[in-house]
Amino acid sequence: MKISKDNSFQHAAEALIKRILPDRNEQFTVVIAHTDRETEDFFEIFPKGKKVVLKGNTPVAIASALHWYLKYVCNCHISWNSDQLDLPDLLPTDFHPIAQRTEFDIRAYLNYCTFSYSMPWWDWERWEREIDWMALHGINMPLAITGLEAVWQNTLRRLGMDDNSIRNFLVGPTYFAWQWMDNLEGWMGPLSQDWIDRHLVLGQKIIERERELGMKAILKGFSGYVPTALAKFYPDAKVYKTDWISTFETAQIDPLDPLFREIAEIFVEEQYKLFGTDHYYSVDPFHESQPPIKTEGYLEQAGKAIFSAINDIDPEAVLVIQTWSLRQGLLRAVPKDRTLMMALTGTNWKKHESYWGRPWVVGMMHNFGGRNYMGGNMTHFLSHALHLKRLPAAQNVQGLGIFPEAIEHNPIIYQAATEIAWHQDVQDPPTWTKQYAKSRYGSLPEAAARAWEILLATVYQQKKVKIISMESPICARPALFMPSVSMNGDMVRDYPLIDLWTAWNEMRNAANELGEKATFQYDVVDVARQCLVDLSLLLHQKINIAYKNKDLNALRRAGRQFIELMEDLDDLLATREEFLLGKWLNDARKWGNYEEEQNRYEQAARTLITVWGPVTPNALFFDYSNRQWSGLIKGFYVPRWRMFIDYLLEQPADENKRYHERKLRKSYGRPANNANAFFDALSSWEKSWTEGHETYPAVAAGHSLEIAERLYAKWWPVMQGESKQIVPPTLQAEYVEEIAQQSDEPENFGL
C-alpha cells in the first residue's frame, strides 16, 4: 500500500511529540494541512475539547507549533542546556487560538566547523535529540556531512587509489570540518575502516530522520579538492598543490581539466547511492585558498565547469555557497536560481551588492571554536533577519540561518535567532527576554527578573554584532600582555565588569524559589563562570604589575590568587556536564574498539582544544578552541600558569637580562612556540599533554548552587577591591601598534 506524504508527515510529527512528551503525547491532535502557496510554512494551535490541536503543513511546522505552545501557553522550555517541562496532568486548553506563518522559506542550520567542535563523538541518541531540537526551532535545511568519509572512499577507489592511500588521506575524527572545506588532509589520521562503516550508517539514519520531518539536507558538492597523492595516479592531470595558512599541504584539480568532470560525476553518483539527494550541494571553490589563475575570465570558466559537472548528474542541482571568501567571477556563468548564498554572519551583503541578486540566507555566526562566554547582541538577533527580508536593497533574501562553529551554549541567543522566523514584527528585547526567562524556569520571581534585566543590559546587549569571544587569561598561553587567547579572539568587555556580579547576586536571591530547576542551575553556573573569568582579567594585571615593579612577594601573592581562582572555577564547572573535559574524552574513546584506537581518538580530542595543529615554529592555531572546562583548567591551564609564574620569579633584577615580551617572537600577539627557550619547552609540554591518558571526571559532581554560593562569598570582596584599583584596557597600549601591523590576519578568519 502506498503511503501518502501527508500520512508519513503525520506519523513523523506524532513520533516527535512522543519523544519530547512521552506522557502527554495523546493529548495532542496533529493535522497536516496546506496553503495555496506551497513554500509558505505555517502553524496553528487551538483547543478542541480536552485536546490541543497542532496544525501545520510539515512536521517541522508541527514541531514549531509544539515549541510555541510549550513556551507561550505552558511556560516550558527545551534547550541544549537542560529542559524545564513541568506540565500538569492535563495540558492547558484555556487559550485563544494561535496562528503563525513565516516569511522565511529556508531556515538553515550548521557550519562545517560545528561537526568538529561540538559533534565529532555524537552517537545516534545524541543526534536524534539534536534533530528534534532542529524541528522544534523551525530548521528545515541542515547541512548533512556525517558519513562523508564513505563517499570519498568509494570515489577514490573508483579512481584507482588503494585503501591504504585513501585511509591516510582521511583525517582524524575531530578534523573533518576542514577536510570537507578543502583545507587539509591526513592530519591526525589514518582513519579506521570501522569508523568509516559505522559513521556511514549513522549519517544515513540522520538524513533519513531529517527527511521524515520534511527537512532538505544540504550535501557536499565537488569543487576540485583531491588528495595530494592523486597526482601520482594521474601524472598528466592539472593537479596543483597549495597550502592552508602556510601549515597544511593540500591539492586541487583544475576545474578546466577533463579529469575534474570525471571525479565530480563519480563523487555525486557515489553520494547519491549512499544518501540520496535533496538537490542542494555545498560548494566553496578555493575556500581560504587561491585559484591557480586569478583572472576574471578563468574564474568564470572554472565556475561554469564546477556547475555543469554537478548539473549533468543532477539537473535540479542548486549550489550552496558560503559568502566567507567569495569571488564574483566564479558565479557569472551559474544561473542565479541555481545558487543559494549562505551569508554566515549576515553582515557582508553590502560589500557583495546583495550577492548580485542571487537568493541568499541571512546568517548568524555566534561562536568561534567552542569558546565559553555569555554574550551577544539580542536586539540584533531579534530584528536583523526580518529587517533585511523586507529591505528592498537586500534584494533576494530567501531565509535565515544559524551557523555557529560550536553549539550547546547561550540558549537564549539561539532561541531568539530561530524564533524570529515565526514573528511578523521585530520583537522588543526586554519583553521577549522576560517571557524567555519565565518559560525557562516555569515562573519568574522578582529577583530572577532583575537578574535577566541586568544580563540583557550587559552581556546580551553588546555592541558587536558579528562574532565575539570575550576570552580569559585563564585559557591563554601565559604572558604578561595578551590581546587575545586565540589568533582571532579578544579580551574585550563592553560592560562594567562589576555590573554582572549584581546579576549573580540576584540569581542567589532567586535560588530559594528556583533552585530545584536544572535550567536555573545551569544559568547560575554560567553567570558565575562569566563573573569569575571577568575577574581573572583584573587578577592577571596584578601579576603584570608585580613583575614590572620587581616585587617578588607581590608576584607570589598575585600568582597564588590567580591560580586559586582557576581552581575554584574548575570546581564550579565540575557540577555541570556541559563543562566537563572528561565527558569529551570519554565520548571520544567510546568510538574505539581497542586500546590503540581509543588512544588515537583521545589524542585527536585533546589536540583540537589545545594545540590544534602541528607544533611548529610558525603555528597559529594553538588555543583557538580554548574552553573553560573542568579538567582542562586544572589539567592543562593551571600547570601552564604555574610554570610561567615560577619562570617570572626566577628572573634576575638586571633589566638587560630579564624576561621582556617585546623581544619575543609572536603569533598574533601571543608568544610563539619558539618565542624563547621557556616557550619552546612549554610548547613541547603542551604537545605531550595531548598524548597523555590521565583521566578526568566524566560525570558531574557537587551541588551547583552550594559551590556558587561559596565562591560568591569568597570572590565578591576581591572583585569589589580590584575593580576600584584597576580598569582593564581592551588591549594593552604597548601592543596596539604591534597588533595593528600584523596585516597577514585574514579579514574573516574562522577555523
Side-chain angles (χ1 to χ4, degrees), residues 111-113 115-116 143 145 147-161 165-172 175-189 191 196 218-234 237-271 281-294 298-299 301-310 313 317 319-322 324-327 330 342 613 750-751:
N111 184 318
Y112 280 91
C113 299
F115 288 84
S116 287
L143 179 65
I145 57 173
L148 192 59
E149 308 91 293
V151 176
W152 270 103
Q153 184 177 60
N154 291 354
T155 299
L156 297 175
R157 281 172 172 170
R158 285 179 60 180
L159 291 169
M161 286 185 66
S165 297
I166 295 169
R167 288 178 57 248
N168 281 306
F169 160 70
L170 295 170
V171 298
Y175 292 89
F176 285 123
W178 302 281
Q179 180 149 50
W180 307 151
M181 286 192 291
D182 309 350
N183 298 139
L184 49 73
E185 66 171 66
W187 175 240
M188 300 303 294
L191 196 66
I196 297 171
I218 301 171
L219 300 179
K220 188 75 177 81
F222 181 77
S223 56
Y225 167 76
V226 292
T228 56
L230 192 71
K232 299 176 184 177
F233 294 85
Y234 295 88
K238 293 179 181 178
V239 177
Y240 59 93
K241 292 184 179 180
T242 182
D243 68 74
W244 183 48
I245 322 295
S246 304
T247 303
F248 295 100
E249 185 180 66
T250 60
Q252 294 273 338
I253 183 167
D254 191 327
L256 306 187
D257 189 286
L259 182 61
F260 176 92
R261 178 176 290 271
E262 180 182 345
I263 299 174
E265 290 178 354
I266 293 172
F267 182 89
V268 175
E269 284 176 358
E270 291 299 328
Q271 185 168 242
Y281 300 92
S282 176
V283 175
D284 298 297
F286 316 117
H287 177 75
E288 293 188 357
S289 65
Q290 296 297 323
I293 302 172
K294 298 180 182 180
Y298 171 82
L299 290 174
Q301 287 181 295
K304 182 178 181 180
I306 292 167
F307 171 71
S308 63
I310 298 175
I313 299 298
L319 303 189
V320 179
I321 301 169
Q322 296 183 60
W324 194 255
S325 52
L326 192 59
R327 296 174 176 87
L330 287 165
M342 294 292 191
L751 290 177

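Keep in mind that what you see is a predicted model, and the values were worked out from it rather than measured. For this chain, numbers begin at 1 and follow the sequence in order.
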- When rounded to the nearest 0.5 angstrom, what is the spacing between CG in Leu230 and CD1 in Ile253? 6.5 Å
- Check: Gly186 main-chain N/O paired with Asn168 side-chain donor or acceptor under 3.5 Å: no
- Task: Would you confirm whether the ring centroid of Phe248 sits within less than 6.0 angstrom of the ring centroid of Trp178?
- Result: no
- Message: Would you say that Trp180 contacts Ser282 through its side chain, given a criterion of any heavy-atom pair below 4.5 Å between the two side chains?
- Response: no
- Task: Determine yes or no for a side-chain-to-main-chain donor-acceptor pair under 3.5 angstrom, with Glu269 supplying the side chain and Phe267 the backbone.
- Result: no
- With distance as the sole test, does Gln179 use its side chain to make a donor-acceptor pair with the main-chain N or O of Val171 at under 3.5 Å? yes
- Task: Could you walk me through whether Leu148 and Gln271 pass side chain to side chain contact (heavy atoms under 4.5 Å, CB included), step by step?
- Result: CA-CA 8 Å; Leu148 192 59; Gln271 185 168 242; 3.5 Å; yes
- Establish, from distance only, whether the side-chain atoms of Gln252 and Thr242 form a donor-acceptor pair under 3.5 Å. no
- Query: Side chain of Asp284, backbone of Gln322: donor and acceptor closer than 3.5 Å?
  - Reply: yes
- Check: Thr155 side chain, Gln153 main-chain N or O, donor-acceptor pair, under 3.5 Å: no
- Query: When Phe260 is tested against each of Ile306, Asp254, Val239 for side chain to side chain contact (heavy atoms under 4.5 Å, CB included), which residue passes?
  - Reply: Ile306
- Task: Might you work through the ring pair (Phe, Tyr, Trp, His ring centres under 6.0 Å) test for Phe169 and Trp152, ending with a clear yes or no?
- Result: CA-CA 10 Å; Phe169 160 70; Trp152 270 103; 5.5 Å; yes
- Query: Does a side chain donor of either Asp182 or Thr250 reach within less than 3.5 Å of an acceptor in the other side chain?
  - Reply: no
- Item | Within the 6.0 Å centroid threshold, strictly below: Tyr240 and Phe286 | no
- Message: Given 3.5 Å as the limit, does a donor-acceptor pair link the side chain of Ser308 with the main chain of Lys304, or not?
- Response: yes
